[in-house]
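Because only heavy atoms are used, hydrogens play no part in the values below, and waters and symmetry mates are left out as well, while side chains stay in.
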Amino acid sequence: MAEKKQALLLFCKPPVPGLVKTRLTIERGGFLSPEQAAELFRRCLYDVSEMCMQALLSMQADNDALVAEDPSVDKITYDFFVSTTPADNVELMRETYDALGKWPMEIHYITDKGATFDDHFDDAFKQIFDMGYEHIVSVGGDVPTMPITHISQAFQWLDYFQDLGTPGFVQAPCQECGTSLVGFSYNTPINHQGVYYNLTGKPALDAYVEKLQEMDIPSAYFTPVADIDEKVDLAHAVSCIRAIKEAAKYQTEIYVPQRVLDWCDFMNIRVSTPPNDNHDPRQYIDED
């Protein structure tokens with residue numbers, strides 16, 4: 001039996017007014033104050049973290065059961081990491097999480113360093129891989145509608161590629177040609193350089209695909225998950241969350257980001273669209 005470690009990385013900033021979700025503020029064309037935008041991000045961070053932990057705990061329970069039945073099965077430990085910068089922000093992140101009391105999993109905090117976003121992302125991955133972890137799946141703190149199955153399936157695909165002897169890559173896009181989930185193994189020949197920080201205007205999703213093609217890296221793709229940067233993103237998220245809550249009456253395995261929904265209800269945020277008076281009678285459209 002081999003013992004392996006796998007990590008979920010939440011790569012984010014602390015929910016400080018003026019530091020997060022600034023495009024939602026009145027000063028940047030939104031409708032929230034800096035304090036309200038920060039509180040929204042705090043709620044997102046809590047919901048995303050709980051969703052990730054539920055996925056990790058479920059995978060941990062499944063693996064523990066397999067090992068109990070067959071001691072020759074690889075024993076896997078799943079851990080939850082939060083990476084932020086600069087070092088002073090680690091304590092702010094710790095205080096943010098501690099404000100809710102005890103979490104179902106231990107939270108490991110690290111500080112990422114670098115000159116660009118790509119450098120910081122690479123540094124966070126390197127630190128965790130250097131601790132002996134086999135796979136890392138990373139998400140941001142602003143994707144409250146991330147399906148819990150994206151997390152578990154991402155690790156399953158990385159296991160699958162590793163078992164084939166061809167370490168792979170997993171990703172889910174966001175709504176603007178970027179990414180909401182990224183993951184790969186310690187021996188996958190890929191990094192984040194030139195993906196998020198580039199001067200040619202290349203979308204992050206396309207930059208990853210070019211790397212995958214260049215290095216012939218197998219990959220798995222998951223359905224897009226929107227992050228929340230602007231007011232239209234928030235409107236999309238609110239409508240989706242209401243639909244998720246309704247579906248959860250029957251799809252009991254899905255995660256409802258209730259903290260974000262409660263805050264939106266408290267703020268009386270309602271989604272509306274312009275009335276549609278564009279009538280297209282079918283008898284005219286379908287004429288032979």
Side-chain angles (χ1 to χ4, degrees), residues 4-16 19-21 41-42 44-46 48-49 51-53 55-56 76-97 103 105-143 146 150-151 154-155 157-158 162 167-174 178-198 204-205 207-208 211-212 215 217 219 222 225 227 229:
K4 301 178 180 180
K5 298 190 297 182
Q6 301 182 8
L8 189 290
L9 169 63
L10 200 66
F11 191 76
C12 65
K13 305 172 185 176
V16 175
L19 183 64
V20 295
K21 300 301 144 196
F41 181 68
R42 183 193 309 273
C44 289
L45 184 63
Y46 288 157
V48 172
S49 298
M51 179 276 298
C52 290
M53 289 184 183
L56 296 179
I76 303 174
T77 299
Y78 296 93
D79 288 320
F80 181 86
F81 281 82
V82 172
S83 186
T84 191
T85 193
D88 290 347
N89 279 347
V90 169
E91 188 56 35
L92 289 176
M93 293 301 300
R94 194 186 307 275
E95 291 173 359
T96 297
Y97 279 98
W103 285 79
M105 294 185 69
E106 180 180 359
I107 302 173
H108 304 272
Y109 299 93
I110 61 174
T111 303
D112 49 86
K113 302 179 178 64
T116 68
F117 185 95
D118 295 346
D119 291 343
H120 282 264
F121 214 9
D122 276 338
D123 182 59
F125 270 66
K126 183 179 185 304
Q127 288 185 56
I128 297 173
F129 283 140
D130 286 348
M131 298 178 198
Y133 286 83
E134 181 183 26
H135 310 317
I136 299 173
V137 173
S138 180
V139 299
D142 58 352
V143 285
M146 174 73 68
H150 273 28
I151 304 300
F155 283 105
W157 273 102
L158 292 177
Q162 196 74 295
F169 179 88
V170 294
Q171 63 182 339
C174 68
T179 58
S180 59
L181 177 151
V182 170
F184 52 88
S185 304
Y186 76 97
N187 52 350
T188 304
I190 198 170
N191 57 35
H192 307 289
Q193 292 300 308
V195 174
Y196 301 96
Y197 181 78
N198 69 77
L205 195 62
Y208 277 128
K211 288 176 177 284
L212 297 174
M215 300 301 295
I217 299 170
S219 65
F222 304 108
V225 183
D227 56 15
D229 287 327

Test side-chain contact (heavy atoms from CB on, under 4.5 Å) on V139 and H150; report intermediate values, then the result. CA-CA 10 Å; V139 299; H150 273 28; over 6 Å; no

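- Counting heavy atoms from C-beta on, the side chains of C12 and M93 come closer than 4.5 Å.
- Put simply, the side chain of Q162 does not reach to within 4.5 Å of the side chain of L158, judged on heavy atoms.
- Atom CD of E134 sits about 11.5 Å away from atom NZ of K5, to the nearest 0.5 Å.
- The residues D142 and K21 are annotated as salt-bridged, a charged nitrogen and a carboxylate oxygen being separated by less than 4.0 angstrom.
- More than 12 heavy atoms of other shown residues, nucleotides or ligands fall within 6.0 angstrom of atom OH in Y196.
- Within the 4.5 Å cutoff, the side chain of T188 has no heavy atoms near those of the M215 side chain.
- Of the listed residues (Y78, F81, F80), just one forms a ring pair (Phe, Tyr, Trp, His ring centres under 6.0 Å) with Y133, and that residue is F81.
- Between I136 and Y186, the closest side-chain pair of non-hydrogen atoms is not below 4.5 Å.
- Side-chain atoms of R94 and I107, non-hydrogen and from C-beta on, never get closer than 4.5 Å to each other.
- A side-chain contact (heavy atoms from CB on, under 4.5 Å) with S83 is found for one member of L9, L10, V90 and no other, namely L9.
- Ring centers of F11 and F125: at least 6.0 Å apart, outside the cut-off.
- Judged purely by distance below 3.5 Å, without hydrogens or angles, the side chains of D79 and Q6 never pair a donor atom with an acceptor atom.
- In this pair, W103 and Y97 present their aromatic rings perpendicular. The plane angle is above 60°, beyond the 30 to 60° band.
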